[in-house]
Amino acid sequence: MNKAQVTILAIETSCDETAASILRGTLSGEPQFDILSSVVNSQIEIHQKTGGIVPEVAARAHIQNILPVTQEVLNKAQLKLDDIDYIAVTSGPGLVVSLVVGTEFAKGLGLAKNIPLLPTNHMAGHLYSAFAQNPTQTQFPALSIIVSGGHTMLMLLKDFYNYQVIGQTLDDAAGEAFDKVARLLDLPYPGGPAISKLAEEGKEQIDFPRPMLDKDNYDFSFSGLKTAVLYYVEKLPQPLTHQQKADIAMSFQNAVTDVIAGKALKAAKQHNCQTLTLSGGVAANKHLRATLEKTCRENNLTFLVPEFALCTDNAQMIAIAAYFNLRGGQTPTPAGQVKANPAWELV
Ligand code: KG4
Ligand code: ZN
């Protein structure tokens with residue numbers, strides 16, 4: 001396609017949000033794009049009943065929502081399918097039964113309207129969400145911290161198109177640890193926002209471990225921290241008071257933050273990074289954002305973090321990732337076809 005601007009419809013169904021978004025941007029020159037519309041239909045209320053996601057239930061909700069969400073995003077942008085150049089769709093990683101709803105829907109739409117597909121990696125979506133505002137202010141090399149429910153990664157970016165994973169979690173992801181500790185404290189699903197809110201009332205600091213902080217690598221391990229919280233809780237008389245829970249929430253949140261900030265700063269210094277980005281669901285955590293902002297200020301690093309709504313899953317980030325992938329040379333998949341998925345692996 002040889003046009004100055006492209007219009008991308010993005011679909012995201014990797015977990016428990018049915019989302020669509022439309023982006024219009026330039027293919028040559030500096031990256032420049034506008035999000036014309038974005039719709040997220042969250043299934044949180046459904047999954048609160050079971051205290052977590054039941055994949056089959058999530059997939060059924062995606063089936064119900066995918067068409068109205070796509071229609072709504074087109075209406076909001078005042079566009080028709082004929083105006084769409086590419087359909088970007090999250091092809092992994094995620095819950096397979098959820099992913100399949102989005103990818104099959106995108107294939108069908110592409111086939112019916114002869115629109116090529118851009119299979120897009122969900123984690124690349126989180127990565128590029130940090131560039132939603134003014135991407136040109138990014139100075140390279142950059143270090144990206146991606147902290148979500150399923151992943152914890154440190155990535156080194158040479159530029160917008162070349163990056164590598166330099167560290168990741170060896171067991172639980174940061175968001176998973178928040179969710180599991182929330183369950184220990186009888187807090188509602190999803191655990192991250194609940195812990196974060198309760199932590200604001202915390203007073204007494206409990207000395208939980210900072211796993212892997214002193215190790216000479218950039219990997220993480222949060223499962224030991226979760227177990228330390230479990231042992232601490234088990235030793236207390238039950239039921240816990242509200243204040244005890246708040247102290248645990250604050251101390252746990254501080255431990256996670258110290259590890260992430262400590263590892264990220266070490267990596268940024270070692271690789272002479274100019275910019276540090278934070279994204280993924282856990283990037284919605286106010287304490288983590290504030291700590292990293294301060295760390296960056298003190299170390300002369302530009303700090304980029306998406307607005308709150310862009311941290312947790314959405315399709316805007318998939319549209320942005322697809323836009324950068326296209327500029328970086330990704331070959332679109334012909335309408336209706338799905339080949340062995342090039343976007344399944346991040347790098
Ligand atoms: O990126 P995301 O929406 O989905 C995945 O790709 O996994 O991340 C969801 C995760 C959940 O574990 C949730 O508890 C966590 O992000 N989360 C938070 C906050 N908001 C969401 N964790 C800590 N503090 C928050 N404010
Ligand atoms: Zn995600």
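Counting starts at 1 for both ligands and their atoms, following the listed order.
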Visitor: For the side chain of Asn134 and the backbone of Gln137, is there at least one donor-acceptor N/O pair under 3.5 Å apart?
Guide: no
Visitor: Looking only at the aromatic ring of each residue, does the gap between the centers of Phe160 and Phe140 stay below 6.0 angstrom?
Guide: yes
Visitor: As an exercise, identify every atom of ligand 1 less than 4.0 angstrom from a heavy atom of His126.
Guide: 1 (O), 6 (O)
Visitor: Would you check, one step at a time, whether the test side chain to side chain donor-acceptor pair (under 3.5 Å) holds for Thr7 with Gln5?
Guide: CA-CA 7 Å; Thr7 306; Gln5 285 206 318; over 6 Å; no
Visitor: As a test of understanding, state which of Glu56, Gln64, His62 forms a side-chain hydrogen bond (donor to acceptor under 3.5 Å, both in side chains) with Arg60.
Guide: Glu56
Visitor: If we ignore angles and hydrogens, is there a donor and acceptor under 3.5 Å between the side chains of His151 and Gln168?
Guide: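 No, no side-chain donor-acceptor pair sits under 3.5 Å.
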Visitor: Tally of protein N/O/S atoms under 2.8 Å from the Zn ion (ligand 2)?
Guide: 3
Visitor: Which residue and non-hydrogen atom of the protein lie closest to atom 24 (N) of ligand 1, and at what distance in Å?
Guide: Asn285 ND2, 3.1 Å
Visitor: Quick check on contacts: which atoms of ligand 1 are under 4.0 angstrom from a heavy atom of Gly150?
Guide: 7 (O)
Visitor: Counting only heavy atoms closer than 4.0 Å, does ligand 1 sit against the backbone of His122, its side chain, both, or neither?
Guide: side chain
Visitor: Check whether any side-chain heavy atom of Gln316 sits under 4.5 Å from a side-chain heavy atom of Val40, and report yes or no.
Guide: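 No, too far: nothing below the 4.5 Å cut-off.
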Visitor: Considering non-hydrogen atoms of the protein only, which is the closest contact for atom 22 (N) of ligand 1, and what is the distance?
Guide: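 It is Gly192 CA, 3.3 Å.
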Visitor: Does any N or O of ligand 1 fall below 3.5 Å from an N or O anywhere on Gly175, backbone included?
Guide: yes
Visitor: Going by heavy atoms, is Pro193 under 4.0 Å from ligand 1?
Guide: yes
Visitor: Minimum heavy-atom separation for Thr13 and Ser98, please, with both atom names.
Guide: OG1-O, 2.8 Å
Visitor: If you take the nearest heavy atom of each of Ala199, Ala283, Gly149, Ala284, which one is closest to atom 26 (N) of ligand 1?
Guide: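 The residue whose heavy atom sits nearest atom 26 (N) of ligand 1 is Ala284.
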Visitor: Taking non-hydrogen atoms only, is Lys286 closer than 4.0 angstrom to ligand 1 via side chain, backbone, both or neither?
Guide: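 For Lys286, no heavy atom sits under 4.0 Å from ligand 1.
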Visitor: Considering non-hydrogen atoms of the protein only, which is the closest contact for atom 2 (P) of ligand 1, and what is the distance?
Guide: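 Closest protein heavy atom to atom 2 (P) of ligand 1: Asp313 OD1, 3.3 Å.
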Visitor: Is it the case that ligand 1 has an N or O less than 3.5 angstrom from some N or O of Gly281?
Guide: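 By distance alone, the answer is yes.
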Visitor: Within the side chain of Thr120, is there an N or O that forms a donor-acceptor pair under 3.5 Å with the backbone of Thr90?
Guide: no
Visitor: With a cut-off of 3.5 Å and sequence neighbours excluded, list every side-chain donor-acceptor pair involving residues 177-192.
Guide:
| from | atom 1 | to | atom 2 | distance (Å) |
| --- | --- | --- | --- | --- |
| Asp179 | OD1 | Gly191 | N | 3.0 |
| Asp179 | OD1 | Gly192 | N | 3.4 |
| Lys180 | NZ | Asp172 | OD1 | 3.3 |
| Lys180 | NZ | Asp172 | OD2 | 3.4 |
| Lys180 | NZ | Glu176 | OE2 | 3.3 |
| Tyr189 | OH | Asp16 | OD2 | 2.9 |

Visitor: What residue and heavy atom of the protein are closest to atom 12 (O) of ligand 1, and at what distance?
Guide: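 Answer, as residue, atom name and distance: Asp179 OD2, 2.7 Å.
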Visitor: So for ligand 1, is Thr312 a polar contact partner (N or O within less than 3.5 Å, distance only)?
Guide: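 No: no nitrogen or oxygen of Thr312 is under 3.5 Å from one in ligand 1.
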Visitor: Apply side-chain contact (heavy atoms from CB on, under 4.5 Å) to the pair Gln253 and Phe208, showing each step before the final yes or no.
Guide: CA-CA 10 Å; Gln253 184 176 274; Phe208 289 132; over 6 Å; no
Visitor: Between Tyr218 and Lys266, is there a side-chain heavy-atom distance shorter than 4.5 Å?
Guide: yes
Visitor: Should the pair Lys113-Asp82 be classified as a salt bridge under the 4.0 Å nitrogen-to-oxygen rule?
Guide: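 Asp82 and Lys113: salt-bridged.
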